[in-house]
Amino acid sequence: MSTDELLDILRTCAGVSEDVALDESVLDMNFAALGYDSLALLEITGHLRREYRVPIAEDAVGLEDSPRRLLTLVNDS
Amino acid sequence: MSVIVTGLGIAAPTGLGLADYWAATLAGKSGIGPVRRFDASGYPCSLAGEVPGFDPAEHLPSRLLPQTDHMTRLALVAADEAIADAGVVPAELPEYGMGVVTASSSGGFEFGQRELSNLWRKGGEYVSAYQSFAWFYAVNSGQLSIRHGLRGPGGVLVSDQAGGLDAVAHARRHVRRGTGVVVTGGMDGSVCPWGWVAQLAGGRLSTATAPERAYLPFDAAASGYVPGEGGAILVLEDADAAARRGVTGYGEIAGYAATFDPPPIARPAGVMVRQAGTTAAAVPAASPAGAVSTVRPASMAADPAVLTAGPAGAVKPANMTTSPAVPAASSGVGSSNESGLRVAIELALADAGVEPAEVDAVFADAAAVPDLDRVEAEAIAAVFSPRGVAVTAPKTMTGRLYSGGAPLDLAAALLSIRDGVLPPTVHTEPAEEYRLDLVTAPREARVRIVLVLARGHGGFNSAMVVRATAERERR
């Protein structure tokens, strides 16, 4: 999965906070700083399981994790 | 303490936003037409009032879009307008200084239908995590609270169309108890197949296909109503506190009462009336309010006034903070033509300290079901004398909006006070037998005190009196 694909999934599943530009520059920020909450992460991991058949647990990433970590999990799975 | 409305926000079939809504309403431009949100051509009813030109992405942050139903988006946008209109900045208030109480009748049905469909067709893992709250009937209060940081009292009232007044009354209670600002009102919208069949099951929808012949309250040709989506959000404040920041507001929530007509099979007593939290009086029920319905009293806050709203047959929440004299008419055995609605009117006027002759206009519930129209017309004629008061139903332009209907009528009543003009009831040819002075074209008038009526399926009757702020000062 490419960075752009992942960012599209974030956009679709959880939207983008008003003060955030969702591009490569956010890859190492954590999800909380990007304005997401636990429910947003649930929706995102659910989408990855359904649409991409990624065997990823609901709690595989937390708010302190970064999009890069999620991307690594997806691509290593 | 006087509680006034300092902010209004509107999302209605006749216009998105206060200015558009009011201009269309005074022009008598109906927002009822063939359903656009889904293909309703195969259903017995195919007309609705839908909010025009609503692009949620234009108004709301994208974070909110995946997690909200259409009706919640309407509520969020209307609340933004209402709070800005009031000039209130929630962040500048004490942490628990602002609350929210909305009315609801169904919930996020369009969202819920989509997710239930996913569950049924594809399996549980296909259901959105946001389904956990997005279809919940209390979701609007929750989302408004989160968006604006409203950490004061929060709640939701469910009593069909009457709920719109019940919620505003409950917001008034919170202001009187010391919460500086309370956001209230109601917003509904179930124009989707699932919501549609639920509404059809109520048996009161018009099957007419011509928009101008479909919703004709107080007309001999009345044959049910057209449903719609939308409503209004109001900001309530203590008048003195508002005055200190130079705000006089649109008008005062001067009086309120609610009565309940028990379902015909539950025999005892009649209308239960609870006033001031202390006085309970029973009078016979004459209102054929209809079938038994499922009532879902709900509260996000543990509040005794809300919790008194029990299952069908129980006492409705009523005014807990004022103690007007209970009129003789409701203090014991009444005459057979004394409907619960009439009692609610009398109690609301008493709560406001207003005589019938002082009321400039009545915004009717306008069920457009002949038996219900008759009950309402008789109640109005009994209290105000035949043709004794101007009666109007601008909801003939929007359809019935369930929990959003009465807040929209309150907004219209307050704008009537502001502009000295009553909006029309469109398309209706008033039947002689109802003996109403029905406003069928915009009418210029000195409007200081208005009564708004709302009834909910299953026996809910609510009445609210709004009064010009200047009128309060004169007294």
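Nothing here was measured: the structure is a model prediction, and the numbers come from that model. Note on naming: letters A, B, ... go to the chains in the order of the sequence lines (proteins, then strands), and numbering restarts at 1 for each one.
With hydrogens and angles ignored, the 3.5 Å screen pairs no side-chain donor or acceptor of A:Glu58 with any backbone N or O of A:Leu42.
Taking the six-membered ring where the residue is Trp, A:His47 and A:Tyr52 present tilted rings, their angle falling between 30° and 60°.
Among B:Ser62, B:Ser132, B:Ser128, B:Gly123, the residue making the largest number of heavy-atom pairs under 4.5 Å with chain A is B:Ser62.
For the atom pair CG (B:Asn118) and OH (B:Tyr126), the distance works out to 9.5 Å, reported to the nearest 0.5 Å. Here the CE-SG distance, from B:Met71 to B:Cys192, works out to 10.5 Å after rounding to the nearest 0.5 Å. Note: B:His59 NE2 to B:Glu81 CD = 10.0 Å, rounded to the nearest 0.5 Å. The line from CZ of B:Arg147 to OG1 of B:Thr68 is 10.5 Å long, rounded to the nearest 0.5 Å.
Within the 4.5 angstrom heavy-atom criterion, no atom of B:Gln67 approaches chain A. Residue contact with chain A, scored on non-hydrogen atoms closer than 4.5 Å, involves the backbone and the side chain of B:Tyr130 alike. The contact between A:Arg50 and chain B is made by backbone and side chain atoms together, counting heavy-atom distances below 4.5 Å.
Residues of residues 6-32 of chain A lying under 4.5 angstrom from chain B, judged on non-hydrogen atoms, are A:Thr12, A:Cys13, A:Ala14, A:Gly15, A:Val16, A:Ser17, A:Glu18 by number.
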Residue pair B:Ser105, B:Asp188: steps toward the side-chain hydrogen bond (donor to acceptor under 3.5 Å, both in side chains) verdict = CA-CA 7 Å; B:Ser105 75; B:Asp188 255 315; 2.8 Å; yes

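For B:Arg245 and B:Glu237, the salt-bridge test passes: some basic side-chain N is under 4.0 Å from an acidic carboxylate O.
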